[in-house]
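Ligands are counted one by one from 1 in listed order, and the atoms in each one are counted from 1 as well. Keep in mind that the numbers below use all heavy atoms, side chains included, and drop hydrogens, waters and symmetry copies. Everything quoted here is computed from the prediction, not taken from an experiment.
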Amino acid sequence: MLLFTTKIVGWKFQSLKPLLSYYKNTYCLARALSVNVNVVEVENGLASIVGSKYVATSHAICEQHSHDESYHRHLLPSIVVWPQSVGEVSEVAKLCTAHKMPMIPFGTGTGMEGGVAPMGPSVSINLTKLNEITDLHLDDFDVKAQPGVTRKQLNYDLRSTGLWFPVDPGSDASLCGMAATGASGTNAVRYGTMKQNVLNLQVVLADGTILHTAGEKRRCKKSSAGYNLTELFIGSEGTLGFITSATLRLHGQPEMTKSAVCSFPTIMDAVNTAMQILQCSIPIARIELLDETSIKAVNNYSHLTHPEMPHLFLEFHGSAASTGEQVDQTAEIAGLNSGSEFKWAETQEEHNHLWQARHDLWYAVKAFKPGSTAISTDACVPVSALAEAISHSAALLDESGLIGGILGHVGDGNYHCFVIVEDDQAKLVESLTKAIGKKAIELGGTCTGEHGIGIGKRPLLKEEVGEKTLKLMKAIKCSFDPLGLMNPGKVFS
Ligand SMILES: Cc1cc2c(cc1C)N(C[C@H](O)[C@H](O)[C@H](O)COP(=O)(O)OP(=O)(O)OC[C@H]1O[C@@H](n3cnc4c(N)ncnc43)[C@H](O)[C@@H]1O)c1[nH]c(=O)[nH]c(=O)c1N2
Ligand SMILES: CC(C)C(=O)C(=O)O
Ligand SMILES: [Mn+2]
């Protein structure tokens with residue numbers, strides 16, 4: 001039986017039905033505590049997920065928690081909950097386990113592989129109310145951040161300390177979500193990805209157990225103590241447990257930062273330049289490839305006037321002497337590959353605009369055809385194989401006749417091929433993305449450098465790691481989550 005108070009008349013509770021039918025024989029009382037917060041009480045276990053604490057579910061909220069920034073669309077979550085403390089995350093996990101209810105951790109929903117999309121009745125657990133930054137150690141360059149803290153928020157808080165956290169996906173994602181997807185971005189060539197920048201994680205397992213992957217209070221730069229459970233959680237995409245805090249490695253803000261762009265007659269000239277810069281061990285901070293189509297997109301979207309040619313966006317960090325040396329060597333290599341003179345970002349404003357435009361490239365691509373769907377691949381290969389991988393992707397894109405282009409964090413051998421998709425082109429896109437992933441694997445690379453496996457790349461994971469390794473991964477998952485309740489249907493089929 002359902003009882004609603006008049007205050008919540010008008011809310012669409014049909015999204016609760018899968019949950020309620022799941023809890024057969026439960027008696028539900030929904031009551032509104034205020035106009036904005038509606039609390040659902042469910043006897044028989046879920047009763048503890050009540051009070052003003054957790055549940056505020058409307059159709060719109062469920063819709064918002066049913067997808068990320070990718071094209072993956074499946075079901076709505078049965079219910080969305082907002083725990084306010086680590087203890088409450090543990091309580092919710094225990095309840096879900098008691099009722100065999102699948103759980104999906106939700107960060108900021110900026111993922112690119114459908115990681116937060118429910119594939120059956122599930123509770124979406126939004127972790128953003130846990131948003132403290134604590135344990136800042138200025139002498140040791142480390143800090144702890146909870147799941148509600150985003151990368152921009154952390155750097156804003158650190159601005160006067162002389163330290164910063166460099167991992168920067170284009171979105172302002174949650175740092176714990178970035179750990180969950182193994183994220184990187186434009187600075188990884190110099191500072192590494194989340195894998196190199198997380199020292200410890202507090203996690204809550206499906207049965208509610210709270211633990212630290214490296215042991216409580218550990219924040220050392222290295223350790224040989226047992227298995228590396230921290231790395232195991234990085235890139236686990238919510239399938240092993242909830243990350244409720246991340247101890248992060250910080251870096252000194254560079255004494256000097258110089259940014260420039262350089263255009264090339266062909267994409268291969270730009271790629272060869274990137275490869276040679278790395279092979280000369282120039283400690284470049286950012287080296288981003290944008291093909292002609294990407295440049296058109298940033299010009300339109302971010303009101304820039306770059307010539308419509310392939311470009312490298314470059315950044316150098318260091319002292320005046322060392323940046324000068326890096327710039328001279330890089331300019332020489334670019335010149336040997338027919339690169340243009342460098343066009344420098346002269347002011348802080350120009351610098352910010354340049355990199356904001358790069359970070360907004362995904363939105364710039366989507367703006368090509370408003371309302372249409374955009375899809376991005378995420379291949380990563382050894383740097384020596386980059387030219388072959390990119391020319392293969394470019395040829396496939398050409399043959400397909402699809403609107404698309406190539407961009408990438410080429411310093412890591414990581415690139416994205418994006419396409420704009422019409423309804424009737426799904427098959428074409430599927431075969432293109434599969435072929436790009438397969439080629440990367442054939443070249444000793446991976447089908448995902450930074451976005452994760454999510455839903456769409458599950459078959460490619462098998463191809464990449466092999467049957468035996470995949471079996472071992474599944475066994476590891478099973479030892480953390482024996483009932484298979486953590487984000488089912490992601491990473492593994
Ligand atoms: C414009 C733009 C540009 C970029 C990107 C996105 C967009 C919109 N991304 C992708 C995205 O920002 C990246 O995957 C983030 O790490 C996702 O973090 P969210 O907090 O949004 O995770 P989101 O909420 O989307 O969840 C992603 C996955 O992690 C899990 N998860 C989230 N929080 C968790 C937690 N606390 N504990 C356990 N599991 C959790 C979820 O269950 C899901 O499976 C990206 N990425 C990148 O690496 N490099 C890039 O260059 C870019 N660029
Ligand atoms: C394609 C988008 C999502 C990205 O990863 C990037 O801009 O680097
Ligand atoms: Mn990227």
ask   = Hey, would you say the H451 and H416 ring centroids sit under 6.0 Å apart?
value = yes
ask   = What angle sits at the Mn ion (ligand 3) between NE2 of H409 and NE2 of H416, to 10°?
value = 100°
remark   = ligand 2 to H409, heavy atom cutoff 4.0 Å, flagged ligand atoms 8 (O)
ask   = ligand 1 versus T181, non-hydrogen atoms closer than 4.0 Å: side chain, backbone, both, neither?
value = side chain
query = Just checking, is any N or O donor in the side chain of T213 or T230 under 3.5 Å from an acceptor N or O on the other one?
reply = yes
request  = Measure up the H72 and H74 rings against each other and bin them: parallel (under 30°), tilted (30 to 60°), perpendicular (over 60°).
outcome  = parallel
query = Hey, which atoms in ligand 1 end up nearer than 4.0 Å to a heavy atom of E69?
reply = 8 (C)
remark   = Note: heavy atom closest to atom 45 (C) of ligand 1, options S376, S184, P169, belongs to P169
request  = Tell me yes or no: between the side chains of K490 and N487, is some donor less than 3.5 Å from an acceptor?
outcome  = yes
task = Between V116, V491, I455, I125, flag the one that comes closest to atom 26 (O) of ligand 1 by a heavy atom.
result = V116
Sub-4.0 Å heavy-atom approach of H451 to ligand 2 = yes
query = Between V80 and S124, is any pair of side-chain heavy atoms under 4.5 Å apart?
reply = yes
query = Which of the numbered atoms in ligand 1 are below 4.0 angstrom from a heavy atom of H409?
reply = 51 (O)
remark   = Checking heavy-atom distances from atom 3 (C) of ligand 1 to each of G115, G170, G111, G182, the winner is G170
message = Starting from atom 42 (O) of ligand 1, what is the nearest protein heavy atom, named by residue and atom, and what distance separates them?
response = P105 O, 2.7 Å
key: Ring centres under 6.0 angstrom apart (F165, F141)   = no
key: Under-4.0 Å salt bridge between E315 and K258   = no
task = Would you kindly say whether R219 and T247 are connected by a side-chain donor-acceptor distance under 3.5 Å?
result = no
key: H451 near the Mn ion (ligand 3) via N/O/S, less than 2.8 Å   = no
request  = Mark up the atoms of ligand 2 that fall under 4.0 Å of a heavy atom belonging to M112, in ascending order.
outcome  = 3 (C)
message = Show me which atoms of ligand 2 lie under 4.0 Å from any heavy atom of L407.
response = 6 (C), 7 (O), 8 (O)
ask   = Does the separation of the ring centres of W82 and H65 fall below 6.0 angstrom?
value = yes
Ligand 1 N/O within reach of I243 N/O, cut-off under 3.5 Å = yes
query = Hey, do the aromatic rings of F313 and H409 have their centres closer than 6.0 Å?
reply = no
query = Does an N or O anywhere in S174 fall below 3.5 Å from an N or O of ligand 1?
reply = yes
ask   = Does any donor atom in the side chain of S259 or W355 lie under 3.5 Å from an acceptor atom in the other side chain?
value = yes
request  = Distance to 0.1 Å, residue and atom name: give those for the protein heavy atom nearest to atom 7 (O) of ligand 2.
outcome  = R358 NH1, 3.0 Å
message = Side chain, backbone, both or neither: which applies to N487 and ligand 1 if a contact is any heavy-atom pair less than 4.0 Å apart?
response = side chain
query = Between T433 and E430, does any side-chain donor sit less than 3.5 Å from a side-chain acceptor?
reply = no
ask   = salt bridge (Lys or Arg N to Asp or Glu O under 4.0 Å) with D168: which of R286, R358, R151?
value = R286
message = Starting from atom 17 (C) of ligand 1, what is the nearest protein heavy atom, named by residue and atom, and what distance separates them?
response = T110 OG1, 3.4 Å
key: Within reach of ligand 1, part of E450 (heavy-atom separation under 4.0 Å)   = both
query = For H416 and ligand 2, does the shortest N/O to N/O distance drop below 3.5 Å?
reply = yes
task = Specify whether an N/O/S atom of D378 falls short of 2.8 Å from the Mn ion (ligand 3).
result = no
query = N/O to N/O below 3.5 Å, does that happen between G109 and ligand 1?
reply = yes
query = Counting only heavy atoms, which portion of E450 has something under 4.0 Å from ligand 2: side chain, backbone, both, or neither?
reply = side chain
key: Check: D157/Q153 side-chain N/O donor and acceptor closer than 3.5 Å   = no
request  = Report yes or no: do D481 and T239 form a side-chain donor-acceptor pair below 3.5 Å?
outcome  = no
Proximity flag G241 to ligand 1, non-hydrogen atoms under 4.0 Å = yes
ask   = Can a non-hydrogen atom of T186 be found less than 4.0 Å from any atom of ligand 2?
value = no
inquiry  = Using a 4.0 Å heavy-atom cut-off, which part of W362 comes near ligand 1: side chain, backbone, both, or neither?
reply    = side chain
inquiry  = Going by the closest heavy atom to atom 40 (C) of ligand 1, which one wins out of A180, G107, S70?
reply    = A180
request  = Starting from atom 2 (C) of ligand 1, locate the nearest protein heavy atom and write down its residue, its atom name and how far away it is, to 0.1 Å.
outcome  = S171 N, 3.8 Å
request  = Ignoring hydrogens and angles, state whether a donor on the side chain of T110 or E69 is under 3.5 Å from an acceptor on the partner side chain.
outcome  = no
ask   = Are T446 and E464 close enough that a side-chain donor and a side-chain acceptor fall under 3.5 Å?
value = yes
query = Do any heavy atoms of H451 fall under 4.0 Å from ligand 1?
reply = yes
task = Rounded to the nearest 0.5 Å, what's the gap from CG on L158 to CH2 on W164? Could you check?
result = 11.0 Å
message = Regarding ligand 1, does E237 bring an N or O atom to under 3.5 Å of one of the ligand's N or O atoms?
response = yes
ask   = Looking only at protein heavy atoms, which one is nearest to atom 33 (N) of ligand 1, and how far off is it?
value = G177 CA, 3.5 Å
request  = Return the residue, atom name and 0.1 Å-rounded distance of the protein heavy atom closest to atom 1 (C) of ligand 2.
outcome  = S376 OG, 3.5 Å
